[in-house]
Amino acid sequence: QVQLVESGGGFVQAGGSLRLSCAASGRTFSSYTMGWFRQAPGKEREFVARISVSGLTPYYADSVKGRFTISRDNAKNTVYLQMSSLKPEDTAIYYCAAGRFSTGQVSYDYWGRGTQVTVSS
């Protein structure tokens with residue numbers, strides 16, 4: 001079992017920055033691919049970014065590429081999402097998730113409860 005707790009959300013003006021953190025319980029954190037997702041009001045949840053077990057291979061949705069940076073600290077059981085140049089359309093609840101690759105794609109088994117990010121124009 002892995003429990004995930006997000007933090008760092010808040011209210012920010014367009015163009016500003018926030019850093020989200022996701023703290024994981026358990027001793028197997030370093031064996032999971034970690035991802036960030038978001039869900040805006042009235043929309044489906046969408047992928048934002050993921051990072052490999054080693055932390056060397058990040059992958060981003062086109063909508064955040066160049067503005068967001070995902071990283072992880074396996075010693076601290078924590079994954080981060082640094083968000084810069086924020087736009088109103090980034091407003092959403094942000095969730096972190098832990099998963100493993102299976103048949104060429106990541107299957108996310110554990111999810112946090114989310115943290116709200118609101119970007120004003």
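When a residue number appears, it is its place in the shown sequence, counting from 1.
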Visitor: Might you point out which heavy atoms bring Y60 and A49 nearest each other, and give the distance in Å?
Guide: CD2-CB, 3.6 Å
Visitor: Salt bridge between K65 and D62, side-chain N to carboxylate O under 4.0 Å?
Guide: yes
Visitor: Does E6 reach the main-chain N or O of L20 with its side chain, forming a donor-acceptor pair under 3.5 Å?
Guide: no
Visitor: Is the shortest side-chain heavy-atom distance between T91 and V117 below 4.5 Å?
Guide: no
Visitor: Got a second to check how far S85's OG is from D90's CG, nearest 0.5 Å?
Guide: 9.5 Å
Visitor: Between F47 and F37 (judged by ring centroids, cut-off 6.0 Å), do the two rings come close enough to count as a pair?
Guide: yes
Visitor: Using atom types as modelled and distance alone, determine if a side-chain donor or acceptor of T78 lies under 3.5 Å from a backbone N or O of K76.
Guide: yes
Visitor: Quick one: CG on L56 to CZ on R72, what's the gap to the nearest 0.5 Å?
Guide: 10.5 Å
Visitor: Please tell me whether V106 and V79 are part of a single hydrophobic cluster in this structure, the criterion being side-chain heavy atoms less than 4.5 Å apart.
Guide: no
Visitor: So do the side chains of L4 and M34 get within less than 4.5 Å of each other, counting heavy atoms only?
Guide: yes
Visitor: Grouping I, L, V, M, F, W and Y whenever their side-chain heavy atoms are under 4.5 Å apart, do V2 and Y95 come out in a common cluster?
Guide: no
Visitor: With a cut-off of under 6.0 Å to the ring centre and 45° to the axis, is R50 in cation-pi contact with Y59?
Guide: yes
Visitor: So, do V64 and R38 sit near enough that their side-chain heavy atoms are less than 4.5 Å apart?
Guide: yes
Visitor: Test the R19-Y80 pair against the cation-pi criterion, namely NZ or CZ under 6.0 angstrom from the six-membered ring centroid and within 45° of the ring axis.
Guide: yes
Visitor: Rounded to the nearest 0.5 Å, how far apart are SG of C96 and CD1 of I70?
Guide: 9.0 Å
Visitor: Is there side-chain contact between Q39 and Y94, with heavy atoms separated by less than 4.5 Å?
Guide: no
Visitor: How close do N77 and S25 get, counting heavy atoms only, and between which atoms?
Guide: ND2-C, 4.5 Å
Visitor: Heavy-atom count check: over 12 atoms from other residues, nucleotides or ligands less than 6.0 Å from Q3 CD?
Guide: no
Visitor: Are W36 and I51 close enough that some pair of their side-chain heavy atoms sits under 4.5 Å apart?
Guide: no
Visitor: May I ask you to test the S17-Q82 pair for a side-chain heavy-atom distance under 4.5 Å?
Guide: yes
Visitor: Hey, what do you get for OG (S52) to OH (Y32), rounding to the nearest 0.5 Å?
Guide: 16.0 Å
Visitor: Can you list every pair that meets side-chain hydrogen bond (donor to acceptor under 3.5 Å, both in side chains) and has a residue in residues 107-121, with sequence neighbours left out?
Guide: Q116-T118
Visitor: For residues A24 and F29, report the shortest heavy-atom separation together with the two atoms involved.
Guide: CB-CD1, 3.3 Å
